[in-house]
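To start, the structure under review is shown below, and the notes come after it.
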Amino acid sequence: MQVSSPSFLEERFEAQRRAFAAESNPPLHVRMDRLNRLLALTENHESDFIRAIDADFGGRSAHETRIAELFVVRAGVRHARNHLKHWISPQRVATGLHFRPGYNRLLRQPLGVVGIVSPWNYPIQLSLGPALAALAAGNRVLLKPSELTPRFSELLDHLVSASFAPDELSVVNGGVDVGQAFTHLPFDHLFFTGSTRVGRQVAQAAAANLTPVTLELGGKSPAIFDASCDIAAAAASIAYGKFLNAGQTCIAPDYVLVPVGLADSVADQLKAAITRLYPTLISNPDYTAIISTRHRNRLLAIREEARDGGARIVEVNPAGERFDEGTRKFPPTLVIGAAASTRLMREEIFGPLLPIIEYDGLDKAIAMVNQGERPLALYWFGRSVANRDRVLNETVSGGVTINDCLWHLAQEAQPFGGVGPSGMGAYHGEWGFRTFSKEKPVFYQARLNGTRLFHPPYGKTFDLMLQLIKRIT
Ligand code: NAD
C-alpha cells in the first residue's frame, strides 16, 4: 500500500474544491453517471475484492464479503438511483395562512468536498456506503480507508482511479498520521466510522475548522432474552449475528442478558446453534479469522482475565481442533458469569467472545443496559409485548432488531447511526443523502402580500393584524 504524503492530500483536496466551485450543483444525469460507475466498479471486480480482503484477514468468508459488503453497497446504489430524482427536487413545505400567497420550498444542495474515514472490519461497505450517499448528494469525495486492510485499500485506490477523475472521487492511503492530517483538512463534512476513542479525536480535529461530523462508532450492544422467548430460536439468531465476521461487527451482540437460572440452558442452545453453523473452524472458509495477531492477542488476554476473575469459559470447538500461535482463527467462546469489572465487560469485545449474564427481573436488565454507555444496537427476544415495549421505551440505543440480529442495518428506508458514545448523525437511503446535503429553506414572497402591515410606524393596523394572526395560528 502506497502511503499518501501530506502534500498529496492537500493537492487532492484543493483539486476537489476547485472542481466543486466549477460545478456546485451537478444535475441528475451527472450524479446518476457517478453512481453507475460506482456500481460497475463493485460488479466488475467482485472476485478481486473478495481475494484482497481474504488476504488482509488471513481468511475472510467470501460469502460474507458478498452479502455484508458488496450486496449492501449495491442495494444502496440501486435505492439511491431509484429515488434520486425525487430527493434532489425542491421539497414542498407547508406555508402558514398569514404568509400566503407566498410559499416555501426546501432546497437540497451539495455541501462541497466530503471526507470519509473508514475502518477495516467491513472495508467495502464502510467506505463505499457513505461515498455513494455523498456522490448522490452531488459532492466531491476523498476517502481514507484503513491501513489494517492494505491489499483492499490499494485495490480500492487503483479501481477508483480507473473509474473516477481524482477531483470527483479519490482514495488516500496511510495509517494514523495520514488519518490525522486528513481529519484536519477543512472539509465541508467529515464522515468517520471507527472506534469511539478515535471518534473523539476526529471530532476535535474537525472542530478547529467547524467542519460538521457524522460519527459512526462502536460500543457494547446488548441482547436481552426475555422470560417469554423461545431460547432455541433466539440462540440461532445470536449465533449468526455474533459470529459473522468472527464477531468483528460494530452491531454484533456484545453480550447476552438472560433470566436468572437460564445461563446454562442458553449456553447449551448457543453451542448447538454455533456447531450447526461452523462444524469445523480452522480451515473452514465460512469462519472468518481475526484481523491481526495484535487483535487476537487482545482477545486472548481479555478471555484470560475473565477466567482469572472466576468466569466459566465454554469454548465451542466442534471438531476439537488445535488453535496454536500460527492461526488467527479464534474459536467461538461463551463466557458465563464474568465480573462487571473485567475488560470483557467494560470494553467493546469486537471478536468471537460472548458473555452470558443472568438478570433477576426486567427492571434489573434495563438498569444494566442503562448503566453502560448508550449502545449502537440492542436486540430483544421474546413474545411479551409489554416487556418488549418497556425495553424499547426505557433504553436508548442507535437501533434495534426485535427477535433477530443485525437486520435493522439493512433497512434502506430507516436511518442507521449511533447515539452518544456510539455515534452521532445517520446515513443509509435518504438519510445518507440528507447527511451530505445542505437543506436550505427558501421562502418565495408573493408580489401582493400583507407583511408590510407589520412595519413601523406601529399603530392600530399593527394591533389589528396581530389579533387576526393570533386567531388563525
Ligand atoms: P479505528 O478508530 O482504530 O480506525 C478507523 C479509521 O480511523 C482508520 O482508517 C484509521 O487509520 C483512522 N485513524 C486512526 N487514528 C486516527 C486519528 N487519530 N485521526 C484520524 N484518523 C485516525 O477503528 P478500527 O479498529 O478500524 O474499527 C473498529 C471500530 O470501528 C470498532 O469500535 C467498531 O465498533 C467501529 N465500527 C463502527 C461502525 C458503525 O457503523 N458505527 C462500523 C464498523 C466499525
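Just follow the structure's listing: the first ligand is 1, and inside any ligand the first atom is 1. Note that this is a predicted model, so its numbers are computed, not measured.
- Taking any N or O of Pro119, backbone or side chain, none lies under 3.5 Å from an N or O belonging to ligand 1.
- Taking all atoms of both residues into account, the shortest heavy-atom contact from Leu344 to Ala306 is CD2-CB, 4.0 Å.
- Counting heavy atoms closer than 4.0 Å to ligand 1, residue Thr249 contributes nothing at all.
- At a heavy-atom cutoff of 4.0 Å, ligand 1 is contacted by no atom of Arg197, backbone or side chain.
- Across Thr280, Thr327, Asn284, a single residue satisfies side chain to side chain contact (heavy atoms under 4.5 Å, CB included) together with Glu321, and that is Thr280.
- Distance from atom 39 (C) of ligand 1 to its nearest protein heavy atom, with residue and atom name: Cys250 SG, 3.4 Å.
- Ring pair Phe182/Phe187 is tilted by interplanar angle, where 30° to 60° counts as tilted.
- At the shortest separation from atom 19 (N) of ligand 1 among protein heavy atoms lies Gln180 CG, 3.6 Å.
- Using a 4.0 Å cut-off between heavy atoms, Phe416 contacts ligand 1 through its side chain alone, with no backbone atom that close.
- At least one donor-acceptor pair under 3.5 Å links the side chain of Thr333 to the backbone N or O of Pro331.
- Residue Thr196 places no N or O, backbone or side chain, under 3.5 Å from any N or O of ligand 1.
- Under the 4.0 angstrom criterion for non-hydrogen atoms, Phe192 is in contact with ligand 1.
- Looking only at heavy atoms of the protein, atom 31 (C) of ligand 1 is closest to Glu348 OE1, 3.5 Å.
- Tyr287 pairs with exactly one of Phe323, Phe57, Tyr278 by the ring pair (Phe, Tyr, Trp, His ring centres under 6.0 Å) rule, that one being Tyr278.
- Any N or O atom pair closer than 3.5 Å counts here, and His295 shares no such pair with ligand 1.
- The residue among Leu376, Val198, Ile116 with a heavy atom at the shortest distance from atom 13 (N) of ligand 1 is Val198.
- The closest donor-acceptor contact from the side chain of Glu348 to the backbone of Ser195 lies at 3.5 Å or more, if one exists at all.
- Scanning the protein heavy atoms around atom 18 (N) of ligand 1, the nearest turns out to be Gln201 OE1, 2.8 Å.
- Polar contact check, Ser422 against ligand 1: no nitrogen or oxygen pair lies under 3.5 Å apart.
- Nearest to atom 10 (C) of ligand 1 among the protein's heavy atoms is Glu147 OE1, 3.6 Å.
- Any N or O atom pair closer than 3.5 Å counts here, and Asn121 shares no such pair with ligand 1.
- Listed for the Glu358 side chain is a donor-acceptor partner under 3.5 Å among the backbone atoms of Ala263.
- Under a 4.0 angstrom heavy-atom cut-off, Pro145 registers as being in contact with ligand 1.
- One finds the CZ atom of Phe243 at 8.0 Å from the CG atom of Leu353 (value rounded to the nearest 0.5 Å).
- Between Thr193 and ligand 1, no pair of N/O atoms sits closer than 3.5 Å.
- Under the 30°/60° scheme for interplanar angles, the aromatic rings of His79 and Trp87 are found to be tilted.
- Using bins of under 30°, 30° to 60° and over 60° for the plane-to-plane angle, the ring pair Phe416/Tyr427 lands in the perpendicular bin.
- Using cut-offs of 30° and 60° for the angle between ring planes, the Phe152 and Phe49 rings count as tilted.
- Of all the heavy atoms of Phe182, none lies under 4.0 Å from any atom of ligand 1, so neither backbone nor side chain is involved.
- Arg140 has a carboxylate O that lies under 4.0 Å from a charged side-chain N of Asp167, or vice versa, which qualifies the two as a salt bridge.
- The nearest protein atom to atom 23 (O) of ligand 1, hydrogens excluded, is given as Ser195 N, 3.5 Å; this is a heavy-atom distance.
- An N or O contact shorter than 3.5 Å links Leu217 to ligand 1 by distance.
- Using cut-offs of 30° and 60° for the angle between ring planes, the Phe436 and His189 rings count as perpendicular.
- Here the heavy atom of the protein found nearest to atom 26 (O) of ligand 1 is Trp120 CD1, 3.0 Å.
- Numbered from 1 in the order shown, with element, the atoms of ligand 1 that lie under 4.0 Å from a heavy atom of Val117 read 6 (C), 7 (O), 9 (O), 12 (C).
- Within the 3.5 Å criterion, the main-chain N or O of Phe330 finds no donor-acceptor partner in the side chain of Arg296.
- Protein heavy atom closest to atom 8 (C) of ligand 1, with residue, atom name and distance, is Ser118 O, 3.4 Å.
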